[in-house]
Amino acid sequence: MSEMPKAYEPQQHEDEIYARWEESGSFIPENLPDFANREPYTIPVPPPNATATLHIGHAAMLAIEDVLIRYQRMNGKRALWIPGTDHAAIATQNVVEKMILKEEGKSRHDLGRAELVRRIEEFVESKRNRIKLQFRKMGASLDWSREAFTLDEQRSRAVRRVFKNMFDDGVIYRGWRVINWCPRCASTLSDDELETKPRVAKLYYFKYNKDFPITIATTQPETKLGDTAVAVHPSDERYTALVGKTFDVPFGGPGGVVLKIRVVADHNVEKEFGTGALGVTPAHSMIDYLMALQNNLPLVHVIGEDTKMLEAAGKDYAGLPYLEAREKVVAWLRAENLIEKEEDTEQNAPICERCKTEIIPLPKLQWFVDVNKKFAFQKSPRKQVEGIAPGTEVSLKEVMRHVVETDQITMIPERFEKTYMHWVDNLLDWCISRQLWYGHRIPVWFCVDKKTDECAAPICSVDEVIVCPHCSGAVEQDPDVLDTWFSSGTWTFSTLGWPYTRVIFVRHGECETNAGGFLNSDVTKEFHLTEKGRAQVATTTEMLAKEKVSAVFASPFMRGQETAAIIANALQVPTRTDDRLREAGLGEFDGKLSSEFDAVTGNRMESHNWDITPGDSESFRSIRARMQNFLDDITKEYVGKTIVVVSHGDPIWAAMSLEQSNLQADLVYPKNAEMVVREYDTSGSTVGDLNTYHPMDVLETGYDILPNWVSRMILMTAYALGEIPFKTVYLHGLVRDAEGRKMSKSLGNGIDPLDVIPKYGTDAVRMALLIGQTPGNDLRISEEKIAGFRNFSNKLWNVSRFILSMDGDVALDRRMISRIDLDDADLTMVDKWILSRLANVAKEFSVALDEYDFSRAGEMLRDFTWNDLADWYLECAKVEGGKYTVLNYVLQNLLKLWHPYMPFVTETIWQNAYAKDGAFLMIETWPDYTSMTHYPEAEREFAHVQNVVTAIRALRNDYKIPAAAIVPVSMVTKYKAELALSEAVIKKLTRSELLFVDVAPEGQLATVIEEGTITIPKFETAESPDEKIKLEAERDSVAHYITALKEKLGNADFVARAPAAVVEKEHGKLKEAEEKFAAIEARLK
RNA sequence: GGACCGCUAGCUCAGUUGGUUAGAGCGCACGAUUCACAUUCGUGAGGUCAGAGGUUCGAACCCUCUGCGGUCCACCA
């Protein structure tokens, strides 16, 4: 064992330990011992912006997730934690644009699209490694071999695939919509990308002209040039007579417009605001737009994307910036004397979250995800969403509601399920196009020349489109990119290899051979489908219609060909015949009854009887091999696509068997025309990451991105896979400063993990973020708190140092001590006490982790470590001596328990003390608390010792007995037998000579506790407080307590209605209190 | 306007299905320094559980109302 320095110096160990972990490959689940038999456990890292720097929020997130993954890994799970970063389209482009503008004075338009994208990619590449290095600093045990980026090739393929599927299903559509337009970014913004800014605006009350019967109020008079209606509340009697009437209204002067205004009734109008009547401008207001949709009003576009007025605003106004147009309209209204009133009103103006520019609502042709459109629900080859059968017509909204409502996804804390439901219920179609240059380009092309009628339709394709498929003319890709959440919404499955090739095996329909019960393996003999068989295939074809099938592969046999033909015709896809899909060779059994063959072969899958070839028939092994061979080829050709493979019972059954490494016979032999769905990665294997690790177990993230991200993942995954993305959502709070303020650069109140990690150590930072945090609630953190946990890691270090410095049994050195090494006969009461405490805490700690109660778990273990172990047991051990085995047993388990919270200090100690051949603590097995022994007797006994020790110490303190003095202590107690067992301990810990007596000596200082009366001789010091006063105060308090207890027990209702155990407990309390009272009284006489 | 959260010791927070004389850490006060650790040890003070009603044998905990602080959503014509 190497010498351990007096204080733990984190910076001397952390980087080295992390590097050793990583090099060992232990973060990769497939490198864990016996990985194939471990149950998978998966969490994704919420991908930070690739250009981000580690901040305290990331640190909190990583600490929680690393606890989960380390705990599960030690607990025998096949633990996978996937790292990655997000391209964050709009945020990143903004940063780079600003940088270029500042450094070179150039705008994105000066550079051009290709150059800007190149510059952004260069910037991202230069920053991407920074955040990854910082994740390592936090000790995060991420599987870096699976690292993903939302804009890399694999993720792009997933994005285009989902888009294409949605497009084909009509879930994605293109339409005119009023959107939030940021003139500065020259882009559409989603509602989530808005902030609001309070401001005071001028509210003008006026009539469009003298003849118009209704006065309206507005803060934006220029938009009135695009009004098409006036809306009033349906129950507003002032206007009832006018509803439904239409007026031609000249507005804005001769160079203005003639408005066609209809008076409509709408519930969204507030009677009390303004005049209770509102001029409806469908093109430039969200609410007006919705009213226009409901009332079928036309939409007049008067403000352009450059913030200048358009032609439709009239010739005097066209071309004016909208603010100038506003002045001009107001001037005209004044000149015409139409303004009745002007007043200031407070409003919250929507602004761009990135650049703070005021947004303008305007209509634009955009791409949307339709959340109400019904589509056929996907069939999952793994774990179907429960309660929605494959093929069911559902909308995204319904699915999103369903999976949470039925608890297939649970949220911690639960109250966020309400927030989520509220969000889902109010969900509008999701605008997914962004007028940016950086991001996933929308995979849609348009024919330029449109030579045929068909050319008008947009062409959506996963692969690059070079020419128009209809006229072979030039095409142009849609210039927009996708909302960044569209790609991060695929995170759980795109990081696991999706899209796979989806293969739907279909066994041929009933054939004459099946009907006759005989076999055929001679391709030249043409047996046809029966009537029933054709009907079976027709039914299957109906189900297949909901799939997006690219091709049909068929066995060369007539029954395969006929089956394939029916399907291919209906689906309008080509058929390819492949000999590898042929019927099993039956040799001499060809033409015989199937029962004869079965009698010889039995269940080959179950019996592993793969090599027999009765009657020169084909072996099962051979059938498996040709199916694997077929899959190897097609899965490379059809990545991300769906194909139908029509074959026979045995070959399909053999293909199904390929996914099982140790065959169990739970694969049911396919019936005629039955569909069997499988997904394969590009190596033709179904045993890919997606199958092993999806759905994931936990998504841990901040509650602030519940709508943006969590909901979108649920949406995308349910749509694309027919599955939930994860089972549990754990939402942490925001990290705030000691005053509860958000940490920000401008306030300068941020705690930068990169500052405090070198100062206090990563473990201390992790502890400070884990203890005191409650899910969904914000966490306050200060440097003092981190310093406190630095002290704790040093404590653990010194506890270990003390234990490891003991001379012990050489044979036990560097060996795992098990329960068997501890013989009850050799254990003292104190030993039993600490072992019992360890058993309790190991269990409670594990249970708390299972319940995601990180704070309580950490506090519990800290109290055990610091109070029970360090302050009590180690002091006792010094007195009793010879604790080598017990101490090492406790320490080994303690290091394991602490490892998920404080990976570095525990691993460092472990490497010093116990690691054999450098084996890591991080892959040790979790303490088996079920095998640990509880000693309830010892716990009760030691509690008495603690009480007595504390009482004597308090007595010494109260009466100013010099610390060094060894004093004679007399004690009257009914626990003499138990206390005598630890007499040496009590003496040493209290620096006293302990004497058990029957009557407390007179003339001494006394204290009365539950265990009895303790006295020490008076010491000659001037300022000793009066013993009598102290005792009297204690007596009064006990008397008060007794009164309360008696009152309670005297209450007939209480005795009658409370559970017997509770009443019993109160009686016990009363008895104890009365004994204590008597002892004090005796002393005071 | 709608919804949600919080209010417990000077500060930060625990308090599991109602059954404690309401807990922890930090801070504070007093005392201790060769013996694992001063990044330490010992002892102690400190709370009408925001307020008012109600349910109950029993309320920090359940219900209603009020107050204060905070967050989110919608709207702001």
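Just so we're on the same page: letters track the sequence lines, and every chain starts at 1. Atoms considered below: every heavy atom in the structure, side chains included; atoms not considered: hydrogens, waters and symmetry mates. Quantities reported herein were computed from a predicted structural model and do not represent experimental measurements.
For the contact set between residues 867-879 of chain A and RNA chain B, defined by any heavy atom under 4.0 Å, the members are A:A870, A:D871, A:L874, A:E875, A:K878.
Side chain of A:E343 to main chain of A:L203: no donor-acceptor pair is present (N/O by atom type, distance under 3.5 Å, no hydrogens or angles). Within the 3.5 Å criterion, the main-chain N or O of A:G761 finds no donor-acceptor partner in the side chain of A:R790. A donor-acceptor pair under 3.5 Å links the side-chain atoms of A:K785 to the main chain of A:I771, judged by distance alone.
OP1 or OP2 of B:U21 sits under 4.0 Å from a side-chain N or O of A:K1069. Contact between the side-chain N/O atoms of A:N791 and the OP1/OP2 oxygens of B:U40 is found at a separation under 4.0 Å. Regarding contacts with the backbone of B:A14, every side-chain N or O of A:R856 stays at 4.0 angstrom or more from both OP1 and OP2. The phosphate of B:U43 (OP1 or OP2) has a side-chain N or O of A:T950 nearer than 4.0 angstrom. The side chain of A:W866 contributes an N or O atom lying less than 4.0 Å from OP1 or OP2 of B:C41.
Judged by distance alone, with hydrogens and angles left aside, A:K418 brings no side-chain donor or acceptor close enough to the base of B:C4 to form a pair under 3.5 Å.
A:R801 comes within 4.0 angstrom of the backbone, heavy atoms only, and of no base. Contact annotation for A:I771: no contact, since no heavy-atom pair falls under 4.0 Å across all strands. Across all strands, A:R862 comes closer than 4.0 Å only to sugar-phosphate atoms, never to a base (heavy-atom distances). Nucleic acid contact class of A:T223 (heavy atoms, under 4.0 Å, all strands): none. Counting any heavy atom pair closer than 4.0 Å across all strands shown, A:T774 reaches sugar-phosphate atoms only and no base atom. Nucleic acid contact for A:N777: sugar-phosphate only, since backbone atoms but no base atoms lie under 4.0 Å from a heavy atom of the residue. When heavy atoms are screened at a 4.0 angstrom cut-off, A:T218 is found touching the sugar-phosphate backbone but no base atom.
Ranking B:C30, B:U39, B:C41 by closeness to the A:R790 side chain, first place goes to B:U39. The nucleotide whose nearest atom lies closest to any side-chain atom of A:A1058 is, among B:U40, B:G19, B:G25, B:G19. The nucleotide whose nearest atom lies closest to any side-chain atom of A:V1062 is, among B:C5, B:G19, B:C37, B:G19. Nearest nucleotide to the A:K960 side chain, out of B:A32, B:C30, B:U20: B:C30.
A:E1066 has a carboxylate O that lies under 4.0 Å from a charged side-chain N of A:K1069, or vice versa, which qualifies the two as a salt bridge. With respect to the salt-bridge test (charged N to carboxylate O, under 4.0 angstrom), the residues A:K1071 and A:E1075 qualify.
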- Pair A:E783-A:Y760, side-chain hydrogen bond (donor to acceptor under 3.5 Å, both in side chains): steps then yes or no: CA-CA 9 Å; A:E783 208 163 318; A:Y760 302 105; 2.9 Å; yes

- Step by step, would you call A:Y901 with A:F789 a ring-ring contact (aromatic ring centres under 6.0 Å, His included)? CA-CA 11 Å; A:Y901 280 64; A:F789 286 108; 9.7 Å; no

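Regarding A:H422, its NE2 atom lies at a distance of 11 Å from the P atom of B:C73, rounded to whole Å. Spacing between atom CG of A:L804 and atom P of B:C37 amounts to 14 Å, rounded to whole angstrom units. Between the CG atom of A:D853 and the C1' atom of B:C13 there is a distance of 13 Å, given to the nearest Å. Atom CG in A:L989 sits roughly 19 Å away from atom P in B:A32 (whole-Å rounding).
Residue pairs satisfying the ring pair (Phe, Tyr, Trp, His ring centres under 6.0 Å) criterion with at least one member in residues 764-784 of chain A, sequence neighbours excluded, are absent.
Between A:P282 and A:Y289 the shortest heavy-atom distance is O-CB, 3.4 Å. Here the closest heavy-atom approach between residue A:E1034 and residue A:I1080 is recorded as CG-CD1, 3.7 Å.
Taking for each of A:Y1041 and A:K785 the nucleotide of RNA chain B with the nearest heavy atom, the 5'-most of the two is the partner of A:K785. Nearer the 5' end of RNA chain B, as judged by each residue's closest nucleotide, is the contact made by A:N957, out of A:N957 and A:G276.
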- In dot-bracket, 5' to 3', how would RNA chain B read with Watson-Crick or G-U wobble pairs under 3.5 Å, [ ] for crossing ones and | for pairs to another strand? (((((((..((((.....[...)))).(((((.......))))).....(((((..]....))))))))))))....

